[in-house]
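Numbers restart at 1 for each chain; the letters A, B, ... are given by sequence-line order, proteins then strands.
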Protein chains: 2
Amino acid sequence: MYDFVRSFFFYGSRNHLMSQPDTKQRILNAGEHLFARDGYHPTSLRSITTEAKVNLAAVNYHFGSKESLLEAVIERRLEPLNKIRLGQLEALLEKTGQAGESPTCRDVLRTFIEPTLRMRIHGSDSEDFVALIGRILAEPRSVAMKIFMHHMEPLMNRLFYALALSLPELSRQTLFWRVHFAFGSLSHIMRYHERQAMIPEDVNIDMPVDDLIELFLDFATAGMEAS
Amino acid sequence: MYDFVRSFFFYGSRNHLMSQPDTKQRILNAGEHLFARDGYHPTSLRSITTEAKVNLAAVNYHFGSKESLLEAVIERRLEPLNKIRLGQLEALLEKTGQAGESPTCRDVLRTFIEPTLRMRIHGSDSEDFVALIGRILAEPRSVAMKIFMHHMEPLMNRLFYALALSLPELSRQTLFWRVHFAFGSLSHIMRYHERQAMIPEDVNIDMPVDDLIELFLDFATAGMEAS
DNA sequence: ATACGATTTAAACGTATGTTTGAATAAGGT
DNA sequence: ACCTTATTCAAACATACGTTTAAATCGTAT
């Protein structure tokens, strides 16, 4: 029986001694890497299976199709990441709510940005994923975008609510556009984590994550709070 | 003789009564539209020539290859746009220089952003081009990116110089990153000029360009000037 | 040992792609 | 009218792609 069909009925219930080798994970890793580096369309299943050192048919056997593989690649990391981001956001809302205060804009943004950028750290196994999401955010109307948005909606609504709390003087219109701007910045630095053209030699592109996070929060918070 | 070979030797010197029909322009328009809407790789020459109502071979005859067509599409609008942006920037530097002052950050950013976003106006013939550039900026290492950067370098250097003048207290390091952030925001709104997921119903996505420019300058200037 | 389901493998399938070809047509100069 | 050149056109080319197939192999329970 095809593995991806079985998964549909027995999701997560790998039976008998976990007999399966790491084929699935190897495909996910290779897909994540190549989708992030070259984009979805230019990446062929043959390049993925070569890098993963598995047979060409393994992708269709385990995932059903190239598109489903992309979905699996996204879900594997986005699900836990969103759990962390939502957890931190709810904790912040809880804490400030009990004190009868509004959260600060910087703190709200931090719950979203910090867990994201921490994945970007060099050598991390989720390094490629960050760049992949950056690319996806830049492709309106793509299948990837649809998959991504499906997983983002609840978190986005909550984030928007928290930001409105922290910036009560802004109109919904203005708030939305500024969130839009801030997301643009974030997706941009998610993509560019390697030295590119247009970057002067004396600029440190490999800035420590913690510094980058504060640098970005300085920028984004000031932009959001602009009078 | 192939047209694109002739162009190499007699660039811009169409001789005798401009006998050529609008085939080249129709291809450029269709390519601009489809590259912007679907991306470079997913767009086939057949879809371009169908939309342009020309023969399939016309692209290779007039431009040489799909990649050269992309280059022509980019150059057609980027060249005049950059001339305008550089002109406004030099005028600003001249004016403030003669008064012995530094330009303001907002004015410097305006010379770059205003001509760009004005192209985004609905119904404009360069509307698609803005989205295309937005996409290109989101694809590091792509051919499109290389073509684009080649045309941007002089302007970028000058812009960086002017921004350093307007924000003398910032370190080069910080200045670079904030420019990076601002460019991320800009490329994001260049892509998203249609209603997408994640956009609340009561938000006006078709905001007048002048309002959008000021809205964005508020955000970007505050971010650049953050203390 | 045997049987059985899960997985791997090599090969093939059908289709879509960018590009090339060579003939046909159009246009202008002499 | 004729020649020359530019352009259009239908057809074919070679290749790369995602997917499917059917046999081979592996692992485990009986």
Side-chain angles (χ1 to χ4, degrees), chain A residues 1-28 30-31 34-35 38-73 143-144, chain B residues 1-28 30-31 34-35 38-73 143-144:
Chain A
M1 191 194 287
Y2 294 114
D3 190 67
F4 74 95
V5 172
R6 208 176 54 137
S7 296
F8 184 79
F9 294 105
F10 308 102
Y11 185 64
S13 72
R14 182 149 312 292
N15 27 3
H16 312 305
L17 274 181
M18 302 284 287
S19 69
Q20 151 169 326
D22 47 354
T23 305
K24 263 180 111 160
Q25 294 302 321
R26 295 234 302 283
I27 293 174
L28 286 170
L34 294 174
F35 287 155
D38 303 329
Y40 175 71
H41 281 102
T43 299
S44 68
L45 289 185
R46 283 166 176 83
S47 68
I48 291 175
T49 51
T50 301
E51 173 162 325
K53 286 175 183 151
V54 299
N55 186 272
L56 167 61
V59 171
N60 288 280
Y61 176 75
H62 284 287
F63 298 95
S65 69
K66 185 185 178 185
E67 192 174 316
S68 299
L69 169 61
L70 175 65
E71 188 160 357
V73 166
V143 272
Chain B
M1 189 193 288
Y2 293 113
D3 190 68
F4 75 95
V5 172
R6 208 175 56 136
S7 296
F8 185 79
F9 293 106
F10 307 102
Y11 183 65
S13 74
R14 180 148 315 289
N15 27 4
H16 313 306
L17 274 181
M18 302 284 288
S19 68
Q20 149 169 329
D22 47 354
T23 305
K24 263 178 113 160
Q25 294 301 322
R26 295 234 302 284
I27 293 173
L28 285 171
L34 294 173
F35 286 155
D38 302 329
Y40 175 71
H41 280 102
T43 298
S44 69
L45 289 185
R46 282 167 177 81
S47 68
I48 291 175
T49 52
T50 300
E51 173 162 326
K53 286 175 183 151
V54 299
N55 187 273
L56 168 61
V59 171
N60 288 280
Y61 175 75
H62 284 287
F63 297 96
S65 69
K66 185 186 178 184
E67 190 174 317
S68 299
L69 169 61
L70 175 65
E71 188 160 358
V73 166
V143 274

*Taking CG from B:L34 and C1' from C:dT17, how many angstroms apart are they, rounded to a whole number?*
15 Å
*Between atom CZ in B:R26 and atom C1' in D:dT7, what is the gap in whole Å?*
13 Å
_d(CG, B:N60; P, D:dA12) in whole Å_ = 18 Å
*Starting from C1' on D:dT21, measure out to CG on A:N55 and report it in whole angstrom.*
12 Å
*Rounded to whole angstrom units, what separation is found between the CG atom of A:D22 and the P atom of C:dA6?*
20 Å
*Among D:dT8, C:dT20, D:dT20, which nucleotide sits nearest the side chain of B:T23?*
D:dT8
*Assess the side chains of B:S47 and B:T50: does a donor N or O sit below 3.5 Å from an acceptor N or O?*
no
*Might you work through the side chain to side chain contact (heavy atoms under 4.5 Å, CB included) test for B:N60 and B:L45, ending with a clear yes or no?*
CA-CA 9 Å; B:N60 288 280; B:L45 289 185; 3.9 Å; yes
*Establish, for the pair B:K24 and B:Y61, whether the NZ or CZ atom is under 6.0 angstrom from the six-membered ring centre and no further than 45 degrees off its axis.*
no
*Nearest 0.5 Å, what's the OG1-CG distance between B:T23 and B:N55?*
10.0 Å
*asked:* Using a 4.0 Å cut-off on heavy atoms, which residues in residues 40-51 of chain A reach DNA chain C? List them by number, or say none.
replied: A:R46
_How many whole angstroms separate atom OH of A:Y61 from atom P of D:dA23?_
17 Å
*Between B:H62 (NE2) and D:dA6 (C1'), how many Å, whole number?*
9 Å
_Gap separating the CG atom of B:D38 from the NE2 atom of A:H41, nearest 0.5 angstrom_ = 9.0 Å
*asked:* What's A:A57 touching, base or sugar-phosphate or nothing? Going by heavy atoms closer than 4.0 Å.
replied: base
*Looking at A:F35, does the NZ or CZ of A:K66 lie under 6.0 angstrom from its six-membered ring centre and within 45 degrees of the ring axis?*
no
*Take atom NZ of B:K66 and atom C1' of C:dT19, then tell me their distance rounded to the nearest Å.*
12 Å
